[in-house]
Amino acid sequence: MNEATRLFISQHRQDDVRELALRGTKDPEVDLAFALQQIDGRRRAQEKLPSWAAIEGIVWPPHLSMEQCSSELTARYKAKVAGGGSLFVDLTAGFGVDAAFIAAGFERAVCVELQKELCAISSANFEVLGLRQIEVVNGNGVDYLHAMEPADLVFIDPARRDEHGGRTYGIADCTPNVLEIIDEMEEKAARIMIKLSPMLDWRKAVEDIGRQHVAAVHIVSVNNECKELLIVVEGRTRSVEGKYSVHCVNLLADGRTERFSWSVESDSWREECGGRSEICSEGDSAAGVFSLHLPHSTLHEIPSTTHYLYEPNASVMKAGCFDLLEAHFGVRALHQNSHLFVSDRQVDGFPGRGFVIERETSMNKRELKASLADITQANIAVRNFPLSVAELRKRLRIQDGGNVYIFATTTAKEGHRLFICKKIS
């Protein structure tokens, strides 16, 4: 980057990129395309990678790479799962965000990336970040795997786009196909971490990779939006076959983490260590893992003493572990398809949002009118309900927002119901 381009970036870092592109520059020394890429990249990074955005000298990649790279929150989480050791190898490094955070715990790291431009960018950034233990290799990750020395950890994030640029989700449809190289990765590494699309069913992912390979599954959300599925495989160190743990994690903007974990052995749940769920601050230890032998979820009538309603977070919803929620927290499912739970007592540590139920009503016009008479504004959510949020809001004539929450759902015994709630602080 020459001085004219650097100055242009500094002067226009707060400007609208689209307007800058239309206006252009009269200085022929300015690399306008590169400058716009840097201005746009830094702006996106302020939300996605705030610690990097605050560092002068970081080079930002093209838009697609910024879109596809991990956020700082998820990269830090992967670094905790990865732990540390002597050698870490990232076979699909991309822009290098995951590699940078994971490599901080290792004496040596190798980042393999097929795109030459991204190699140059990540090399420069690792130098700025002081990560001099990282070696960047421009090449094919699978080819590197064939020749690499044994490592403590291998990380792979297969590309989820086909040759036409369309999105793919199945493991076998990604590049590289992890299923074709899982045995070789196990031979070369003590542990393997596989990053997959959150669109995948985690149970199918375990079966596709092979239950005998899997040690842990991590379903990771950020601010209640499911972002990624991580499968951890123990290679040379694997000792217990067929048993693995599942961790539902919701990383919150205020630094807290909601965790809900359990263990799976064969196709059954077996009582093991009591377990717990945690809401903890960043840096605290992970929640304990539990497992239970459970029947299929039963449906309950809503008792007159019910005062609290609970909505699981996105990771728990993705995991579908509703029987475990009932058993562990003593809550009751409203309906097997509603995925909302009620309790006559306040539950601590529930992985999601909790509400005090102030009123409950059917869809009867007279009952609705009486129950909603003093409500002009509310946050509305629908679960297993025949109307959309927009349709229900129009029918109820209630504006969006405020501190009232209305859950429209279907219960097992009473049909369509509205629960008017206030959030537990």
Task: Interatomic distance, Leu179 atom CG to Asn177 atom CG [nearest 0.5 angstrom] - done: 4.5 Å
Open item on the list: When you compare the side chain of Leu309 with that of Phe341, does any pair of heavy atoms fall below 4.5 Å?
Closed with: no
Open item on the list: For Glu186, is there an ion pair with Lys188 - N to carboxylate O distance below 4.0 angstrom?
Closed with: no
Task: Test log, rule side-chain contact (heavy atoms from CB on, under 4.5 Å), inputs Leu252 and Glu258 - done: CA-CA 8 Å; Leu252 302 171; Glu258 294 175 343; 4.1 Å; yes
- [ ] For the pair Glu207 and Arg203, find out whether any cationic side-chain nitrogen is under 4.0 Å from an anionic carboxylate oxygen.
- [x] no
Task: Closest non-hydrogen atom pair, Cys248 against Trp262 - done: SG-CZ3, 3.7 Å
Open item on the list: I'd like to know if the side chain of Arg345 pairs up with that of His307 as donor and acceptor (distance under 3.5 Å, no hydrogens or angles considered).
Closed with: no
TODO: State, with a plain yes or no, whether a side-chain heavy atom of Tyr308 is found less than 4.5 Å away from one of Ile424.
DONE: yes
Open item on the list: I'd like to check Val232 versus Ile192 (side-chain heavy atoms, cut-off strictly below 4.5 Å). Are they in contact?
Closed with: no
Task: Carboxylate-amine/guanidinium proximity below 4.0 Å for Asp400 and Arg393 - done: yes
TODO: Kindly compute the distance separating CG (Leu73) from CG (Asn223), expressed to the nearest 0.5 Å.
DONE: 7.0 Å
Open item on the list: Taking salt bridge (charged side-chain N to carboxylate O under 4.0 Å, His left out) as the definition, give me every residue that meets it alongside Glu127, ordered by chain and number, with sequence neighbours left out.
Closed with: Arg132
Open item on the list: I'd like to know whether the aromatic ring centres of Tyr77 and His218 sit less than 6.0 Å apart in this structure.
Closed with: yes
Task: Evaluation steps, side-chain contact (heavy atoms from CB on, under 4.5 Å), between Leu251 and Val220 - done: CA-CA 8 Å; Leu251 308 171; Val220 184; 3.9 Å; yes
- [ ] Indicate yes or no for a side-chain donor-acceptor contact from Ser315 to the backbone of Val249 under 3.5 Å, with no hydrogens or angles considered.
- [x] yes
Open item on the list: Restricting to non-hydrogen atoms, name the atom on Ala82 and the atom on Ile102 that form the minimum distance, rounded to 0.1 Å.
Closed with: CB-CG2, 3.8 Å
- [ ] Please say whether more than 12 non-hydrogen atoms of neighbouring residues, nucleotides or ligands are located less than 6.0 Å from CD in Gln46.
- [x] yes
Open item on the list: Could you check whether any side-chain N or O of Ser123 sits under 3.5 Å from a backbone N or O of Cys119, counting only pairs where one atom can act as donor and the other as acceptor?
Closed with: yes
Task: Closest approach of Phe355 to Cys421 (non-hydrogen atoms, all atoms of both residues) - done: CB-CB, 3.6 Å
TODO: Check whether any side-chain heavy atom of Leu87 sits under 4.5 Å from a side-chain heavy atom of Phe106, and report yes or no.
DONE: no
- [ ] Enter the distance from Phe95:CZ to Ser65:OG here, rounded to the nearest 0.5 Å.
- [x] 8.0 Å
- [ ] Report yes if the side chains of Lys48 and Glu72 come closer than 4.5 Å at any heavy-atom pair, otherwise no.
- [x] no
Task: Main-chain N/O of Glu107 paired with Ser86 side-chain donor or acceptor, under 3.5 Å - done: no
Open item on the list: Please determine whether side-chain contact (heavy atoms from CB on, under 4.5 Å) holds for the pair Leu20 and Leu36, giving the CA-CA distance in whole Å, both sets of side-chain angles, and the decisive distance to 0.1 Å.
Closed with: CA-CA 8 Å; Leu20 280 176; Leu36 295 177; 3.6 Å; yes
Open item on the list: Tell me whether Lys78 is salt-bridged to Glu228, with the criterion being a basic N under 4.0 Å from an acidic carboxylate O.
Closed with: yes
Task: Arg42 and Glu56 ion-paired at < 4.0 Å - done: no
Open item on the list: Once side-chain hydrogen bond (donor to acceptor under 3.5 Å, both in side chains) is applied, do any residues pair with Thr410, and if so which ones, sequence neighbours excluded?
Closed with: His416
TODO: Using modelled atom types only, decide if a donor and an acceptor are shared between the side chain of Ser122 and the backbone of Leu118 within a distance under 3.5 Å.
DONE: yes
Task: Side chain to side chain, Ile156 and Ile181, heavy atoms closer than 4.5 Å - done: yes
TODO: Considering non-hydrogen atoms only, spot the tightest contact between Tyr310 and Ser343 and give its length.
DONE: CE1-CB, 4.2 Å
Task: Heavy-atom closest contact (Gly139 atom, Val112 atom, distance) - done: O-CG1, 3.5 Å
- [ ] Taking the side chain as every heavy atom from C-beta outward, state whether Trp52 and Leu129 have any atom pair closer than 4.5 Å.
- [x] yes
Open item on the list: Whether the side chain of Lys423 engages the backbone of Asn403 through a donor-acceptor N/O pair (distance < 3.5 Å, no angle test) should be reported.
Closed with: no
TODO: Please work out whether the ring planes of Phe260 and His328 are parallel, tilted or perpendicular, with thresholds of 30° and 60°.
DONE: tilted
Open item on the list: Donor-acceptor check, side chain of Asn250 to backbone of Asn313, threshold 3.5 angstrom: yes or no?
Closed with: no
- [ ] List the steps and the verdict of side-chain contact (heavy atoms from CB on, under 4.5 Å) for Arg353 and Tyr405.
- [x] CA-CA 11 Å; Arg353 301 192 298 174; Tyr405 292 79; 3.8 Å; yes
Task: Separation between CG of Leu114 and OH of Tyr144, rounded to the nearest 0.5 Å - done: 15.0 Å
Open item on the list: Using only atom types and a distance under 3.5 Å, with no angle test, would you say the side chain of Asn138 pairs donor to acceptor with the backbone of Glu113?
Closed with: yes
- [ ] Kindly indicate, with the supporting measurements, whether the criterion side chain to side chain donor-acceptor pair (under 3.5 Å) is fulfilled by Ser70 and Lys195.
- [x] CA-CA 10 Å; Ser70 291; Lys195 176 182 171 182; 2.7 Å; yes
Task: His146-Glu184 side chain donor-acceptor pair, cut-off 3.5 Å - done: yes
Task: Distance, nearest 0.5 Å, that separates CD1 of Ile406 from CG of Leu392 - done: 7.0 Å
TODO: May I ask you to check whether Ser245 and His247 show a side-chain donor-acceptor distance below 3.5 Å?
DONE: yes
Task: Gln212 CD to Ile182 CD1 distance, which is reported to the nearest 0.5 Å - done: 9.5 Å
Task: Check ion pair Glu311-Arg383 (N to O, under 4.0 angstrom) - done: yes
Open item on the list: Tell me whether Glu391 contacts the main-chain N or O of Ser388 through its side chain, where contact means a donor paired with an acceptor under 3.5 Å.
Closed with: yes
Task: Check: Gly402 main-chain N/O paired with Asn379 side-chain donor or acceptor under 3.5 Å - done: yes
- [ ] Would you check if there is a donor-acceptor pair between the side chains of Thr409 and Ser338 at a distance under 3.5 Å?
- [x] yes
TODO: Mark yes or no for whether Gln115, through its side chain, and Gly94, through its backbone, hold a donor-acceptor pair below 3.5 Å.
DONE: no
Open item on the list: Using side-chain heavy atoms (C-beta onward) and a distance below 4.5 Å, is Phe8 in contact with Leu32?
Closed with: yes
Open item on the list: Testing the basics here: between Trp60 and Met66, what is the closest heavy-atom pair and its distance to 0.1 Å?
Closed with: CE3-SD, 4.0 Å
